[in-house]
Amino acid sequence: MGDAVFEFPENGDGDNRENSRRGIQSQSRSQSLVIDIYPLSSYYFGSKEAILSKDETMADRVRRLKSNYSAHGLRTCVEAVILVELFKHPHMLLLQIRNSIFKLPGGRLRPGESEINGLQRKLSRKLSGNENSDGTEWEVGEFLGKWWRPDFETLLYPYLSHNIKKPKECTKLYLVKLPESREFIVPKNLKLLAVPLCQIHENHKTYGQIISGVPQLLSKFSFNIMET
């Protein structure tokens, strides 16, 4: 069989090359928007010493936020969206505090710390048995979105109004991709729960505005349920 010959219109070479390039870029983007999700049963769970709470009441938290803002300015937090499979459905890992408060794993950045390194450090502290690890075992992926706190006592919003000149806090979400298997070691005063996305979706009352909005942020991804 002879070699294949491809012919293009004489005046359309540039257009065809450009369309080919765009097609390759589009295919690459679509591949990157597929999330491999492994079964919850692939992971191991243990506990470690409790992490003491910094705040007993909301008033304590507001005082601490004001003190940190006076010392360091805008407070920047990074949080992880981590997915697993259970009953053939994507579930998100959440930390539960005092049987009523749900949070994404993560926390506040140190002054001058990068977002990726800070999130890796926080994940090692809250979900790993080796808190002194450099955190590189956590694969931080796509940036998903951010929320702003205009004032110390207000809710966070997914936009910053033009009349807010000095916001007090910014929270950024990143997708964190899990390997086929790993160990989670969680402080004794926290519970690590796998919650189905369908239960979280727009359930502001239970999970708050950030967590309940995550399923919409994930709508651009396809879920690839992995068999182990």
Side-chain angles (χ1 to χ4, degrees), residues 47-82 92-136 138 140 143-176 184-193 200 204-214 217:
S47 62
K48 60 182 178 180
E49 291 301 314
I51 296 178
L52 297 179
S53 175
K54 296 179 181 179
D55 310 304
E56 291 296 327
T57 66
M58 182 59 68
D60 293 335
R61 173 176 170 77
V62 170
R63 281 193 291 270
R64 181 167 61 87
L65 290 177
K66 289 181 178 180
S67 176
N68 287 338
Y69 184 82
S70 297
H72 306 294
L74 177 70
R75 170 188 173 95
T76 302
C77 298
V78 285
E79 298 180 345
V81 173
I82 306 175
M92 187 160 57
L93 295 184
L94 300 178
L95 290 170
Q96 186 180 27
I97 307 170
R98 300 172 185 168
N99 296 321
S100 60
I101 301 174
F102 295 91
K103 294 179 64 94
L104 292 169
R108 180 175 67 90
L109 293 179
R110 292 169 176 167
E113 186 175 34
S114 75
E115 294 170 6
I116 303 301
N117 291 341
L119 183 53
Q120 290 173 328
R121 173 178 61 83
K122 285 294 186 179
L123 291 176
S124 293
R125 181 169 184 258
K126 295 184 177 178
L127 299 180
S128 173
N130 183 10
E131 297 185 14
N132 297 320
S133 166
D134 60 5
T136 54
W138 298 99
V140 179
F143 170 73
L144 296 178
K146 59 184 174 182
W147 281 258
W148 298 90
R149 191 187 301 277
D151 208 343
F152 298 109
E153 299 180 357
T154 58
L155 298 175
L156 288 96
Y157 298 91
Y159 58 86
L160 188 61
S161 177
H162 72 279
N163 63 328
I164 304 298
K165 304 302 181 184
K166 294 183 178 180
K168 303 304 184 287
E169 181 176 325
C170 180
T171 296
K172 301 184 178 183
L173 267 57
Y174 285 89
L175 182 67
V176 173
F184 290 91
I185 306 298
V186 183
K188 293 179 180 178
N189 59 329
L190 300 176
K191 294 179 182 178
L192 185 62
L193 305 177
I200 293 172
H204 306 84
K205 184 176 181 180
T206 301
Y207 299 104
Q209 72 270 33
I210 292 182
I211 294 176
S212 63
V214 168
L217 297 177

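Small disclaimer: the values here were computed from a predicted structure and weren't measured.
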Self-check item: Under 3.5 Å donor-acceptor, Gln209 side chain and Leu156 backbone
Solution: yes

Quiz item: Which atoms form the tightest heavy-atom contact between Arg108 and Lys122, and what is the distance?
Solution: O-CE, 3.3 Å

Quiz item: Could you state the interatomic distance from CG (Leu109) to CZ (Arg75), rounded to the nearest 0.5 Å?
Solution: 9.5 Å

Practice problem: Walk me through it: do Ile200 and Leu94 pass the test side chain to side chain contact (heavy atoms under 4.5 Å, CB included)? | Solution: CA-CA 11 Å; Ile200 293 172; Leu94 300 178; 4.2 Å; yes

Quiz item: Just by distance, do the side chain of Ser67 and the backbone of Arg63 share a donor-acceptor pair under 3.5 Å?
Solution: no

Quiz item: Which distance, rounded to the nearest 0.5 Å, do you find between the CG of Asn117 and the CH2 of Trp138?
Solution: 15.0 Å

Quiz prompt | CG-CG distance between Leu127 and Leu93, expressed to the nearest 0.5 angstrom | solution = 8.0 Å

Practice problem: Might you point out which heavy atoms bring Glu49 and Lys188 nearest each other, and give the distance in Å? | Solution: OE2-NZ, 4.0 Å

Quiz item: Within the side chain of Lys165, is there an N or O that forms a donor-acceptor pair under 3.5 Å with the backbone of Asn163?
Solution: no

Exercise. Please report the shortest heavy-atom distance between Gly145 and Trp147, naming the atom on each side.
Key: C-CZ3, 3.9 Å

Practice problem: Rounded to the nearest 0.5 Å, what's the gap from CD on Glu113 to CG on Leu119? Could you check? | Solution: 9.5 Å

Exercise. Could you pull out the closest heavy-atom pair between Pro187 and Ala50, with the gap in Å?
Key: CB-CA, 4.1 Å

Quiz item: What's the shortest heavy-atom distance between Pro150 and Ile164, and which atoms?
Solution: CB-CD1, 4.0 Å

Quiz item: In terms of the angle between their ring planes, are Tyr69 and Phe152 parallel, tilted or perpendicular, with boundaries placed at 30° and 60°?
Solution: perpendicular

Self-check item: CA sep, side-chain torsions, deciding dist, call: Lys168, Leu65, side chain to side chain contact (heavy atoms under 4.5 Å, CB included)
Solution: CA-CA 8 Å; Lys168 303 304 184 287; Leu65 290 177; over 6 Å; no

Quiz item: Can you find a heavy atom in the side chain of Lys191 that is under 4.5 Å from one in the side chain of Val186?
Solution: no

Quiz item: Which heavy atom of Ala80 sits nearest a heavy atom of Leu123, and at what distance?
Solution: CB-CD2, 3.9 Å

Exercise. Go through Glu115 and Val140 one step at a time and tell me if the side chain to side chain contact (heavy atoms under 4.5 Å, CB included) criterion holds.
Key: CA-CA 10 Å; Glu115 294 170 6; Val140 179; over 6 Å; no

Quiz item: Atom NZ of Lys48 and atom CG of Leu190: how far apart are they, to the nearest 0.5 Å?
Solution: 9.5 Å

Quiz item: Hey, what do you get for CZ (Phe184) to NZ (Lys126), rounding to the nearest 0.5 Å?
Solution: 14.5 Å

